[in-house]
4 protein chains.
Amino acid sequence: MPMDSSTTAGAADRGAANARTRILDAAEALFADRGYEASSTARIAGRAQVPKGLVFHYFPQKIDVLVTLVDERTFVEELREQPVEAVPGDPAGTLSRLARRLPLHASPAMRRILFREADTHRSVRERLGRLNGEVFLRARRALELALPGARGDQARLEVAAATFTAVLIYQENLSSLTGQHVDPDAVADLIARALGA
Amino acid sequence: MPMDSSTTAGAADRGAANARTRILDAAEALFADRGYEASSTARIAGRAQVPKGLVFHYFPQKIDVLVTLVDERTFVEELREQPVEAVPGDPAGTLSRLARRLPLHASPAMRRILFREADTHRSVRERLGRLNGEVFLRARRALELALPGARGDQARLEVAAATFTAVLIYQENLSSLTGQHVDPDAVADLIARALGA
Amino acid sequence: MPMDSSTTAGAADRGAANARTRILDAAEALFADRGYEASSTARIAGRAQVPKGLVFHYFPQKIDVLVTLVDERTFVEELREQPVEAVPGDPAGTLSRLARRLPLHASPAMRRILFREADTHRSVRERLGRLNGEVFLRARRALELALPGARGDQARLEVAAATFTAVLIYQENLSSLTGQHVDPDAVADLIARALGA
Amino acid sequence: MPMDSSTTAGAADRGAANARTRILDAAEALFADRGYEASSTARIAGRAQVPKGLVFHYFPQKIDVLVTLVDERTFVEELREQPVEAVPGDPAGTLSRLARRLPLHASPAMRRILFREADTHRSVRERLGRLNGEVFLRARRALELALPGARGDQARLEVAAATFTAVLIYQENLSSLTGQHVDPDAVADLIARALGA
DNA sequence: TATGAATGAGTGTTCATTCAT
DNA sequence: AATGAATGAACACTCATTCAT
């Protein structure tokens with residue numbers, strides 16, 4: 001944060017982060033707050049404290065800002081690289097741990113953007129689908145490892161994984177949109193009971 | 001005031017419907033398809049086959065179209081009046097029946113609108129909250145009636161009801177946004193197992 | 001004010017004055033307050049508590065409302081019929097009396113309208129011109145009668161009359177627009193001194 | 001920032017002026033001619049030969065065009081800096097000279113705008129008030145200097161200054177609105193007589 | 001006489017985008 | 001890389017006016 005010395009020193013270096021980052025930061029905040037359509041490029045530039053024209057220097061079209069945001073600030077790859085940890089015999093604890101490890105937790109703003117814009121932008125929808133799929137696969141794998149005896153058939157396990165995934169991913173949106181709070185740990189416990197002894 | 005039944009029934013009825021209804025129909029389709037912000041009043045008028053000015057005759061502001069849609073085409077009241085049916089000893093069947101009876105099923109378009117715009121419009125968010133609350137209350141009551149022995153504590157029952165409500169309401173969005181399909185009947189079964197014998 | 005019994009009794013008779021009068025009242029208030037251009041016919045109708053269509057029943061075009069207002073509520077004729085009273089030897093008192101007798105005093109709203117719209121509407125300008133001319137003629141005649149000895153030449157007397165007329169007619173506008181208050185009596189005294197011994 | 005003197009002087013200069021100036025020129029002409037409300041931004045742009053959008057680049061709101069016009073083209077500051085010249089013993093000549101020196105004379109269009117829009121726009125009204133106040137102060141001071149013997153009391157002197165100010169400022173409006181021409185020199189003479197020997 | 005739905009041109013304003021510098 | 005003037009299509013909304021009833 002103190003002086004980004006990787007760039008050549010110059011008068012234009014005022015402000016903490018470089019222009020491109022500031023633009024993305026501003027866009028992230030605005031898209032989360034009011035939606036993509038309602039956030040003008042001028043406003044993004046204003047909030048980023050860069051001239052209007054510069055936005056188009058880095059991102060030829062407005063939609064590229066959204067696409068870049070989703071590409072660079074949604075950690076699907078990081079998620080995939082993380083090992084699945086499971087405690088055999090404790091499916092509830094295993095799911096809870098999975099929930100807590102999700103890098104998803106990092107940016108509430110990105111999650112709002114992801115859900116809101118998935119509805120109308122294919123590339124965002126694809127990203128959300130991959131994210132969901134990744135979490136689903138890990139939940140299923142975790143449950144398989146936690147229940148070595150393979151109690152309950154495969155179909156039920158999938159339903160359990162899908163339900164947990166939905167609650168996990170939508171969690172925050174759910175509570176901000178409907179006012180209904182759902183505790184992932186409690187759901188993990190519920191699911192464990194359904195699959196358990 | 002509405003006297004639409006005086007026209008001959010049939011597909012041709014759509015063109016014969018009065019202007020206000022046609023405007024709402026057009027708006028519903030467009031809002032669901034591309035979102036509120038991206039649907040211009042001119043386009044709504046065009047699709048409804050009415051002059052631009054008439055939209056503002058009925059709805060002084062664009063937002064009033066959305067509010068009216070949510071007010072008139074989201075059956076919260078109808079939902080409340082419906083009795084809760086339960087089969088004692090069969091929580092899974094009880095939840096499944098509840099799901100099938102939901103007037104919510106009527107309009108996928110309205111549900112998309114509800115979720116998308118709740119993010120940015122308070123009045124829509126409130127409506128969605130009420131709808132969610134109503135479904136939650138009915139799910140909990142249904143489970144109470146289906147499990148007369150009060151097996152499992154109250155807290156667990158609430159988590160079960162909340163989880164089922166979330167899956168039920170979000171169901172369609174979930175599958176269109178993430179590609180993940182969740183079958184309410186299977187979730188009902190899962191939850192019944194968690195609470196049941 | 002209690003029941004305008006000159007019309008045939010009917011259900012539509014609610015409200016004190018008849019519709020046409022209410023429309024003119026509303027227009028007078030609005031035109032004075034925000035100007036002709038900024039007062040929509042819909043707003044006039046709203047304030048008059050009559051349906052929009054009715055305005056056009058009485059006044060085929062919006063401009064007719066203004067023209068009618070100026071025609072019916074600007075008392076040029078009444079002014080002309082009034083005799084010129086003068087006190088020989090007391091020009092100051094004579095002018096002061098003239099000022100006090102002016103029916104002009106009746107409606108500040110109409111005077112605002114007259115000055116504002118004269119700038120852009122010929123018919124209003126003509127009316128204002130006639131009004132000014134009438135006051136000027138009476139001021140000159142009053143001064144002639146008050147100064148029988150014809151002291152001072154005719155040209156000076158005309159300047160005096162014109163100056164007094166300007167102050168008199170513009171008086172209220174002047175003080176509301178510039179914050180400068182000019183007392184007609186003091187000006188009458190000043191002018192008398194200029195013409196007097 | 002303004003560098004208009006780099007172009008060749010002459011009538012062709014108007015087309016060469018920068019866009020902002022052309023917009024203000026066009027607005028000044030239109031506002032004076034038909035009033036602020038009746039002059040659309042599209043028309044202003046058309047007359048200035050600039051695209052509609054550019055008007056809003058320089059003036060975010062239409063009202064800003066009016067405010068800027070009043071700010072930049074009404075010489076209150078210039079007026080204040082000018083010394084008050086007086087010829088002791090010749091109040092009539094002193095007032096006449098004051099009238100002739102008024103930079104006010106420069107733009108008849110601005111004066112029409114000032115009076116017309118003061119009625120409905122506070123910022124314009126304030127400007128007109130300041131202008132009137134400035135002229136009044138100068139007229140009073142000029143009379144004090146021209147009449148060193150302090151003939152006539154202070155109150156009379158103020159009435160004289162106010163009357164002359166009104167005639168001077170309103171002069172042109174008066175003649176265009178009412179058809180009545182008032183010659184400032186003649187009024188100066190009248191006032192001098194009222195105060196003088 | 002009274003009414004409000006209907007109409008479409010026009011209004012102020014926003015916007016993504018381009019481009020010369 | 002950086003800048004802000006320039007552009008014109010599109011936007012939400014207003015309006016005087018018409019007209020069938």
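Only heavy atoms go into these numbers, but all of them, side chains included; no hydrogens, no water, no symmetry mates.
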Can I get a per-line list of side-chain donor-acceptor pairs under 3.5 Å for residues 37-47 of chain A, giving both atom names and the distance, sequence neighbours left out?
unit_1: Ser39(A); atom_1: OG; unit_2: Leu30(A); atom_2: O; d: 3.4
unit_1: Ser39(A); atom_1: OG; unit_2: Gly35(A); atom_2: O; d: 2.6
unit_1: Ser40(A); atom_1: OG; unit_2: Arg43(A); atom_2: N; d: 3.1

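Between Gln61(A) and the phosphate of dA16(E), there is no side-chain N or O to OP1/OP2 separation shorter than 4.0 Å. Under 4.0 angstrom from either OP1 or OP2 of dG4(E) there lies no side-chain N or O belonging to Lys52(C). When the side-chain nitrogen and oxygen atoms of Tyr58(C) are compared with OP1 and OP2 of dT1(E), none of them lie within a distance under 4.0 Å.
Counting to the nearest Å, the P atom of dG4(E) and the NE2 atom of His57(C) are 15 Å from each other. Between Ile23(C) atom CD1 and dT17(F) atom C1' there is a gap of 15 Å when expressed in whole angstrom units. In this entry the distance linking CZ of Arg22(C) with C1' of dA2(E) reads 12 Å, nearest Å. Separating the CD atom of Gln49(A) from the C1' atom of dG4(F) is a distance of 16 Å, rounded to the nearest angstrom. Spacing between atom CG of Asn18(D) and atom P of dG4(F) amounts to 17 Å, rounded to whole angstrom units. Leu54(B) has its CG atom 15 Å from the P atom of dA9(E), to the nearest Å. One atom, NZ of Lys62(A), and another, C1' of dC15(E), lie 9 Å apart when rounded to the nearest Å.
Nearer the 5' end of DNA chain F, as judged by each residue's closest nucleotide, is the contact made by Ala19(A), out of Phe59(B) and Ala19(A). Of the two residues contacting DNA chain E, namely Val55(C) and Ile63(D), the nearest-nucleotide position lying further toward the 5' end is that of Val55(C).
Pairs of Watson-Crick or G-U wobble type, with distances under 3.5 Å, assemble into runs of 3 or more in DNA chain E at these ranges: E:2-21 with F:2-21.
A cation-pi arrangement is found for Lys62(C) relative to Tyr36(C), the charged atom lying closer than 6.0 Å to the ring centre and inside a 45° cone about the ring normal.
How far CG of Leu66(C) is from CZ of Phe59(C): 11.0 Å, rounded to the nearest 0.5 Å. If you take CD1 on Ile23(D) and CZ on Arg20(D), they are separated by 8.5 Å, rounding to the nearest 0.5 Å. Separating the CZ atom in Arg22(A) from the OH atom in Tyr58(A) is a distance of 9.5 Å, to the nearest 0.5 Å. Atoms OG1 and CG, on Thr74(A) and Leu114(A) in that order, are 5.0 Å from each other to the nearest 0.5 Å.
Near DNA chain F, meaning a heavy atom under 4.0 Å from it, residues 31-47 of chain A has no residue at all. Taking every heavy atom of residues 119-126 of chain D and every atom of DNA chain F, no pair lies under 4.0 Å.
The minimum heavy-atom distance linking Pro60(D) with Phe56(D) is given by the pair O-CD2, 3.3 Å. When all heavy atoms are compared, the tightest approach of Leu24(C) to Arg73(C) is CB-NH2, 3.5 Å. Across all non-hydrogen atoms, the minimal contact from Ala118(B) to Leu128(B) is CB-CD2, 3.8 Å.
Between Glu72(A) and the options Leu69(A), Thr68(A), Val70(A), a side chain to side chain contact (heavy atoms under 4.5 Å, CB included) holds for only Thr68(A).
Side-chain contact between Val67(D) and Val124(D) is absent, with no heavy atoms from C-beta onward closer than 4.5 Å.
Residue pairs meeting the side-chain hydrogen bond (donor to acceptor under 3.5 Å, both in side chains) criterion with at least one member in residues 116-125 of chain A, sequence neighbours excluded, are Arg116(A)-Thr120(B), Asp119(A)-Arg112(B), Thr120(A)-Arg116(B), Arg122(A)-Glu126(A).
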Would you list the protein and nucleotides 19-21 of chain F atom pairs, both N or O, that sit under 3.5 Å from each other?
none

Problem - Residue pair Phe31(D), Val65(D): steps toward the side-chain contact (heavy atoms from CB on, under 4.5 Å) verdict - result: CA-CA 10 Å; Phe31(D) 289 171; Val65(D) 179; 4.1 Å; yes

